[in-house]
Amino acid sequence: MIYEMPTKIVVGENCIKINSNLLKNMGSKALIVTGANSAKKNGSYDDVALALKHENIPYVLFDEVEENPSLETIEKARDIAITESVDFVIGIGGGSPMDAAKGIAVLIKNPQLVGDTLICDKVLDGVPVVAVPTTAGTGSEVTPFAIFTDHKKQTKLNYGHRVFPKIAFLDAKYMSDMPLTLTRHTALDAFSHLAESYLNTKSNTLSEIYVRAGVELFGKCIGSLRDGNISIKDRENLLLASTYAGIAIAQTATTLPHAMGYALTYFGGVSHGMANALLYREFFGAFEDKTRINELVGWLELDSESQLMDIVDELLGECVATFSDDILKEQSAIVFANKAKLAGHPEKITEEKIFEIYRKSVR
Ligand code: NAP
Ligand code: FE
């Protein structure tokens, strides 16, 4: 067994301000990477900017990261970083800006690469990355993964390098005003990480400790996620659940629903959390051995798999995107050819079964 978690995790209200000295070891000039709006609205950008000013570290801002960031965006940010002689990157936001920060960090360190060649055969290092999550879902603040939209290949892909953020600052106050649908969909992403880490051939003693703790925290928040009254304590629990889930998938990776969900996002514009969760009833349903699914259900203090699936469907809401059989057949073949992902799935699976899961999950 190998367990790897090199990220320093700093937790609590105002943790960036209180621990700004940690930024001193990261480098001499920062690129702050965010989406267009949320980081400025929820206070996370101001907190990081003030902490950098306090430590006399200059910075530049790149605030153009779109949802499901493209390789073109990463390359554009890298060009700015090089011109500005930046030597570390701070990703603030949901998974999109945090993943973007990792991709930019690899491009800065490997200037021979362009966006299109970021995803290559080698496993490369990056300059230091600091992550500030403002959604409770992806766990990207503690994973080495980064997912990019490759428009030429018409899909989303993990970039294949292994850049763990050096520091993750977890402050749930940034999520206080998050809309309910985004809260639910990102929470379902965290739950899907926990489940895919546990229902995984690479699941191990240490990843399982985090899965169980994360599932129990998620379970405590189910009532609030359903009724929409989400307290700051719920926000803290969801953020920790998401980070625990990230620690777990950093060891095991995700499995079928993530591999299948990328196409639903690319071709249907479905949010990442929704794309995975849409597939869950059929994904769970395909398991012959229910032992581990029943354990997950028990840790959530629910009675049955079907009760869990009804809750997942309720939190998902309606999916308006539609997918043709042709697209789903093509994507089933692509997922089935992804041997690395399939290796994590603990039971036998066929291309036909993958298509059936798609077909029964989406119209
Ligand atoms: P996201 O794409 O980062 O952001 C979704 C939306 O939420 C954006 O419009 C964003 O606005 C907004 N937002 C962010 N924080 C907010 C807040 N506190 N309050 C209100 N709105 C807020 O969403 P995500 O689900 O967190 O990340 C999804 C991406 O992460 C996908 O590309 C997925 O593939 C990837 N992912 C990565 C990993 C990993 O291990 N690296 C794991 C799972 C998923 P702005 O654009 O204005 O910021
Ligand atoms: Fe995910």
Side-chain angles (χ1 to χ4, degrees), residues 7 32-45 47 62-71 73-74 91-103 129 131-150 155-165 168 171-197 230 235 238-239 242-243 245-266 269-277 279-280:
T7 305
I32 301 180
V33 176
T34 70
N37 300 306
S38 69
K40 289 171 205 123
K41 284 193 195 148
N42 63 38
S44 51
Y45 170 70
D47 283 359
F62 180 79
D63 60 0
E64 297 175 37
V65 179
E66 72 277 42
E67 292 179 32
N68 310 295
S70 66
L71 294 169
T73 299
I74 309 306
I92 309 173
S96 297
M98 290 191 287
D99 284 4
K102 296 176 193 173
V129 170
V132 181
T134 68
T135 61
T138 70
S140 178
E141 67 277 8
V142 288
T143 75
F145 314 126
I147 317 297
F148 296 109
T149 299
D150 185 333
T155 190
K156 289 175 63 180
L157 293 166
N158 180 24
Y159 69 167
H161 310 297
R162 288 187 66 82
V163 176
F164 280 95
D171 189 338
K173 76 177 177 195
Y174 304 134
M175 287 141 219
S176 305
D177 296 327
M178 192 192 290
L180 184 59
T181 301
L182 182 64
T183 304
R184 286 174 167 170
H185 286 182
T186 46
L188 287 171
D189 187 27
F191 176 71
S192 69
H193 297 160
L194 293 162
E196 284 166 57
S197 180
I230 299 169
R235 296 281 180 199
L238 288 168
L239 179 55
S242 165
T243 301
I247 294 171
I249 58 167
Q251 318 309 316
T252 60
T254 53
T255 59
L256 271 185
H258 270 71
M260 296 173 69
Y262 293 149
L264 303 184
T265 298
Y266 191 86
V270 178
S271 79
H272 173 68
M274 182 182 231
N276 302 324
L279 300 159
Y280 256 71

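Just so you know, residue 1 is the first one in the sequence shown, and it goes up from there. Remember, it's 1-based here, ligands and their atoms both numbered in the order they're listed.
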Protein heavy atom at shortest distance from atom 39 (C) of ligand 1: Thr143 OG1, 3.5 Å

Counting heavy atoms only, which part of Asp189 comes closer than 4.0 Å to ligand 1: side chain, backbone, both or neither? side chain

Among protein heavy atoms, which lies nearest atom 21 (N) of ligand 1, and at what distance? Leu182 CD2, 3.5 Å

Contact atoms of ligand 1, heavy-atom distance to Ala36 under 4.0 Å: 45 (P), 46 (O), 47 (O)

Closest non-hydrogen atom pair, Pro144 against Ala250: CD-CB, 3.9 Å

Classify the side-chain pair Thr243/Glu141 by whether it contains a donor and acceptor separated by less than 3.5 Å. yes

Please name the atom of Asp189, restricted to N, O or S, that is closest to the Fe ion (ligand 2). OD1

What N/O/S atom of His193 gets nearest to the Fe ion (ligand 2)? NE2

Evaluate side-chain contact (heavy atoms from CB on, under 4.5 Å) for Thr183 paired with Met175, printing each intermediate quantity in order. CA-CA 8 Å; Thr183 304; Met175 287 141 219; over 6 Å; no

Filtering Ala190, Gly91, Ser38 for the heavy atom nearest atom 45 (P) of ligand 1 leaves Ser38

Nitrogen or oxygen of Gly93 less than 3.5 angstrom from that of ligand 1: no

Which atoms of ligand 1 have any heavy atom of Ile147 under 4.0 Å away? 34 (O), 37 (C)

Yes or no on ring-ring contact (aromatic ring centres under 6.0 Å, His included) for His258 and His272, after CA distance, side-chain angles and deciding distance? CA-CA 9 Å; His258 270 71; His272 173 68; 4.9 Å; yes

How does His193 reach ligand 1, if at all, at less than 4.0 Å between non-hydrogen atoms: by side chain, backbone, both, or neither? side chain

For the side chain of Ser176 and the backbone of Lys173, is there at least one donor-acceptor N/O pair under 3.5 Å apart? yes

Locate the shortest heavy-atom distance separating Ser242 from Ala190; write the atom from each residue and the value. CA-CB, 3.8 Å

What residue and atom, counting heavy atoms only, is the protein's closest point to atom 24 (P) of ligand 1, and at what distance? Gly95 N, 3.5 Å

Using the side chain to side chain contact (heavy atoms under 4.5 Å, CB included) rule, pick out the option among Asp63, Thr134, Asp47 that qualifies with Ile92. Thr134

To the nearest 0.5 Å, atom CZ of Phe148 lies from atom CG of Leu71 at 7.0 Å

Looking only at N/O atoms, are His258 and ligand 1 under 3.5 Å apart anywhere? no

Is a side-chain N or O of Lys41 found less than 3.5 angstrom from the main chain of Asp177, in a donor-acceptor match? no

Who's the nearest protein heavy-atom neighbour of atom 8 (C) of ligand 1, and how far? Glu67 OE2, 3.4 Å

Checking the N or O distance criterion of under 3.5 Å, is ligand 1 in contact with Tyr174? yes

Looking only at heavy atoms, is any part of Asn68 under 4.0 Å from ligand 1, and if so is it the side chain, the backbone, or both, or is it neither? both

Would you indicate whether the side-chain heavy atoms of Thr143 and Lys102 approach each other to under 4.5 Å? yes

Tell me the protein heavy atom at minimum distance from atom 1 (P) of ligand 1, and give that distance in Å. Ser96 OG, 3.4 Å

Assess Glu66 for proximity to ligand 1: is some non-hydrogen atom of it under 4.0 Å away? no

Can an N or O of Asp99 be found at a distance shorter than 3.5 Å from an N or O of ligand 1? yes

Using heavy-atom distances, let me know which of Val65, Leu157, Thr134 sits nearest atom 17 (C) of ligand 1. Thr134

Looking only at heavy atoms, which two atoms of Gly273 and Leu188 are closest? And how far apart? O-CB, 4.4 Å

When rounded to the nearest 0.5 angstrom, what distance separates CZ in Phe164 from OG1 in Thr7? 6.0 Å

Exactly one of Asn68, Asp150, Thr149 clears side-chain hydrogen bond (donor to acceptor under 3.5 Å, both in side chains) with Lys156, and that residue is Asn68

Counting heavy atoms only, which of Asn276, Thr186, Ile92, Thr138 is nearest atom 28 (C) of ligand 1? Thr138

In terms of side-chain heavy atoms, does Asp189 have a donor or acceptor partner in Asn276 at a distance below 3.5 Å? yes

Are the side chains of Gln251 and Ser197 in contact, using a 4.5 Å heavy-atom criterion? no

May I ask you to list the atoms of ligand 1 that are less than 4.0 angstrom from any heavy atom of Pro97? 3 (O)

Test your reading of the model: is there a side-chain donor-acceptor pair from Asn158 to the backbone of Ala146, 3.5 Å cut-off? yes

With respect to the Fe ion (ligand 2), what is the nearest N, O or S atom of His258? NE2

Where ligand 1 meets Gly94 - atom numbers and elements under 4.0 angstrom, heavy-atom basis: 3 (O), 26 (O)

If the cut-off is 4.0 Å to any non-hydrogen atom of Asn42, which atoms of ligand 1 fall inside it? 17 (C), 18 (N)

Check against side-chain contact (heavy atoms from CB on, under 4.5 Å), Ile249 and Phe145: CA-CA 9 Å; Ile249 58 167; Phe145 314 126; 4.3 Å; yes

Atoms of ligand 1 close to Thr135 [distance to a heavy atom under 4.0 angstrom, numbered from 1]: 14 (C), 15 (N), 26 (O)

Select the closest option to atom 34 (O) of ligand 1 among Glu64, Lys40, Lys156, judged by heavy-atom distance. Lys156

May I have the step-by-step check of side-chain contact (heavy atoms from CB on, under 4.5 Å) for Leu180 and Ile230, ending in yes or no? CA-CA 9 Å; Leu180 184 59; Ile230 299 169; 3.6 Å; yes

When you measure from atom 20 (C) of ligand 1 to every protein heavy atom, which one gives the shortest distance, and what is it? Pro179 CD, 3.8 Å

Among all protein non-hydrogen atoms, which one is nearest to atom 44 (C) of ligand 1, and what is the separation to 0.1 Å? His272 NE2, 3.1 Å

Strictly under 4.0 Å, does any heavy atom of Gly139 approach an atom of ligand 1? no

Would you call Asp177 a ligand 1 contact, heavy-atom distance under 4.0 Å? no

Looking at ligand 1, does Ser176 have a heavy atom less than 4.0 Å from it? no

